[in-house]
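Only heavy atoms go into these numbers, but all of them, side chains included; no hydrogens, no water, no symmetry mates. Sequence lines set the chain letters: A, B, ... in the order given, protein chains first and strands last, and positions in each chain run from 1.
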2 protein chains.
Amino acid sequence: MNLTKAWGILKENGFKETTKRNQILEIFEGDERYLTARDILDVMQKDYPSMSYDTVYRNLATFVSLDILEATELSGEKHFRMHCESDHHHHHFICMDCGKIKEIPLCPMDLLGAALPAYEIDNHKFEIYGKCPDCK
Amino acid sequence: MNLTKAWGILKENGFKETTKRNQILEIFEGDERYLTARDILDVMQKDYPSMSYDTVYRNLATFVSLDILEATELSGEKHFRMHCESDHHHHHFICMDCGKIKEIPLCPMDLLGAALPAYEIDNHKFEIYGKCPDCK
DNA sequence: TTTTCCAATAAGAATGATTACGATTTACTA
DNA sequence: TAGTAAATCGTAATCATTCTTATTGGAAAA
C-alpha cells in the first residue's frame, strides 16, 4: 500500500493529517520488513526527540484497525508492516534474519472446505519462518 | 501425552522428580485447554502458597524444550498444553471461548511442495481460531 | 485570517508478563 | 546418612505495552 491510499483511508475515517502520522507511514512505505514499535520510535526520535511511545502505539493500532498495516507476533513482540497490495488473500514466508517477506498465494483454509462444519471459524494464521535466498 | 511418558523423557534427560514438577504435569494431564503461566501458578498456590513464578516459568520452558508441552502465543500471552499423542504432524483449531482444541490433520506445508526452492524453511505456524460446537 | 474545538501528542507513571538472582531447600548418589 | 548439584523461594529487575493528565496542533467555522 502507498501513502496516498493510506491517507485516503485515514481521511475517510475522520483522522487528521499530522506530520508524525505521516512520517510513521513513510517509514513503513520505505521498508518491506516487519518493524516493532521500538524500531519506529528510534527512527522518529531522530527528527522528534520528544516523540512518545504512546503516539507510536496509538497510531500503529489505528493503522492496523484500518487495514493500512498488518501485524504479527514474532518472538513475543508485535511486528508491523505495510498491508500488501494484493487483492487476493494470501500468507507470508518471513525471513528471520533480515525480516523480509515473500507472499505465499496458497491458503490452507481453501483446502479445509467443510471439514469443520459445526465450528465457527473467525480467524486463522499461517506463516512460514526461515531464511530467504539472500540470507541463506 | 501422559504422566508416565513425560517422566520417562524427564528422567532420560537427567531431571529430578520433584513434587512441584509432578503437580504441574498433573494439571496439564487433566486439562486439554491452553493454559498460561498464571493459570498454573493460581492452581499450584492452593497447595503451595509460596510457589514462585520462577519455578513455573522454568519448568514450562523445560517441558517445551523436551516436547512434553507445546506452546503458542494467544493475545500476547504464552499458552501451554500437553503435547499431542498423535505421531503424525498436525495443526489445531483453538476455541477462543473455552480454550479447547481440535486436531486438524492437514498441513499446508505438504501442499507447498517445492514452491520455495531457494528458501530455507525452519518452521511454520498454522492455527485456526473460532468457537467450538459447544461454545457456538 | 483568526477563533474555536476536539483530536492528537507529550511526559511519565502504571501495569502485566516474564526473567534474573542470591539464599535456601530438596532429590538423588555414594 | 552425608554430600552435592539441581530445584525452588522470595523478591527485584526488565521489557513491552497501556494509561492518565495536561498541553499542543489541525482544520472547520466565523
Nearest-angstrom distance from the residue atom [atom1] of [X] to [atom2] of [N]:
| X | N | atom1 | atom2 | value |
| --- | --- | --- | --- | --- |
| B:Leu10 | D:dA7 | CG | C1' | 13 Å |
| B:Tyr53 | C:dA17 | OH | C1' | 8 Å |
| B:Asn13 | D:dA7 | CG | C1' | 16 Å |
| A:Trp7 | D:dG26 | CH2 | P | 11 Å |

Which residues, if any, of [range] bring a heavy atom under 4.0 Å of DNA chain D?
| range | value |
| --- | --- |
| residues 42-51 of chain B | B:Ser50, B:Met51 |
| residues 59-76 of chain A | none |
| residues 21-29 of chain A | none |

Check this one for me: any side-chain N or O of [X] less than 4.0 Å away from OP1 or OP2 of [N]?
| X | N | result |
| --- | --- | --- |
| A:Arg58 | C:dT9 | yes |
| A:Lys20 | C:dA10 | yes |
| A:Tyr57 | D:dT17 | yes |
| A:Thr55 | C:dA10 | yes |

Evaluate the side-chain proximity of [Y] to [X]: yes if any heavy-atom separation is below 4.5 Å, no if none is.
| X | Y | answer |
| --- | --- | --- |
| B:Asp134 | B:Asp97 | no |
| B:Tyr119 | A:Pro133 | yes |
| B:Met1 | B:Phe28 | no |
| A:Asp122 | B:Ile128 | no |

Contacts of type side chain to side chain contact (heavy atoms under 4.5 Å, CB included), residue [X], not counting sequence neighbours:
| X | result |
| --- | --- |
| A:Ile27 | A:Leu35, A:Ile40, A:Val43, A:Met44 |
| A:Asp87 | none |
| B:Glu12 | none |
| B:Asp67 | B:His83 |

Pairs under 3.5 angstrom only: tabulate donor-acceptor contacts from the side chains of residues 70-80 of chain B to other protein residues two or more places apart or in another chain.
unit_1  : atom_1 : unit_2   : atom_2 : d
B:Glu70 : OE1    : B:Cys84  : N      : 3.3
B:Glu70 : OE2    : B:His92  : ND1    : 3.3
B:Thr72 : OG1    : B:Lys125 : NZ     : 3.0
B:Thr72 : OG1    : B:Glu127 : OE1    : 3.2
B:Thr72 : OG1    : B:Glu127 : OE2    : 2.8
B:His79 : ND1    : B:Glu77  : O      : 2.9

- Message: On DNA chain C, does the nearest nucleotide to B:Glu77 precede the nearest nucleotide to B:Asp54 from the 5' side, or the other way round? Give the residue.
- Response: B:Glu77

- Query: If every non-hydrogen atom of B:Lys131 is compared with every non-hydrogen atom of B:Cys95, which pair is closest and at what distance?
  - Reply: CA-SG, 3.9 Å

- The complete set of salt bridge (Lys or Arg N to Asp or Glu O under 4.0 Å) pairs with one or both residues in residues 101-110 of chain A, sequence neighbours excluded, reads none

- Query: Going 5' to 3' along nucleotides 24-30 of chain C, which nucleotides have protein heavy atoms under 4.0 Å from the base (write B), which only from the sugar-phosphate (write S), and which from neither (write -)?
  - Reply: ---BS--

- Message: Test of understanding: with ring-ring contact (aromatic ring centres under 6.0 Å, His included), list the residues that count as partners of B:His89, not counting sequence neighbours.
- Response: B:His91, B:His124

- Task: Take the C1' atoms of the five end pairs on each side of the helix from C:dT1-D:dA30 to C:dA30-D:dT1, derive the two axes, and give their angle rounded to 10 degrees.
- Result: 30°

- Message: I need the B:Gln23 CD to B:Tyr48 OH distance, nearest 0.5 Å.
- Response: 4.5 Å

- Message: Would you compute the distance between atom CG of A:Leu69 and atom CG of A:Leu60 and round it to the nearest 0.5 angstrom?
- Response: 6.5 Å

- Message: So if I take every side-chain heavy atom of A:Arg38 and compare against D:dA16, C:dA20, C:dA17, which nucleotide ends up nearest?
- Response: D:dA16

- Note on the structure: Against the side chain of A:Ser52, the closest entry in C:dA17, C:dA10, C:dT9 is C:dA10

- Verify whether one side chain among B:Asn22 and B:Thr19 offers a donor that lies under 3.5 Å from an acceptor in the other. no

- Task: Check whether more than 12 heavy atoms from other residues, nucleotides or ligands sit under 6.0 Å from atom CZ of B:Arg33, and answer yes or no.
- Result: no

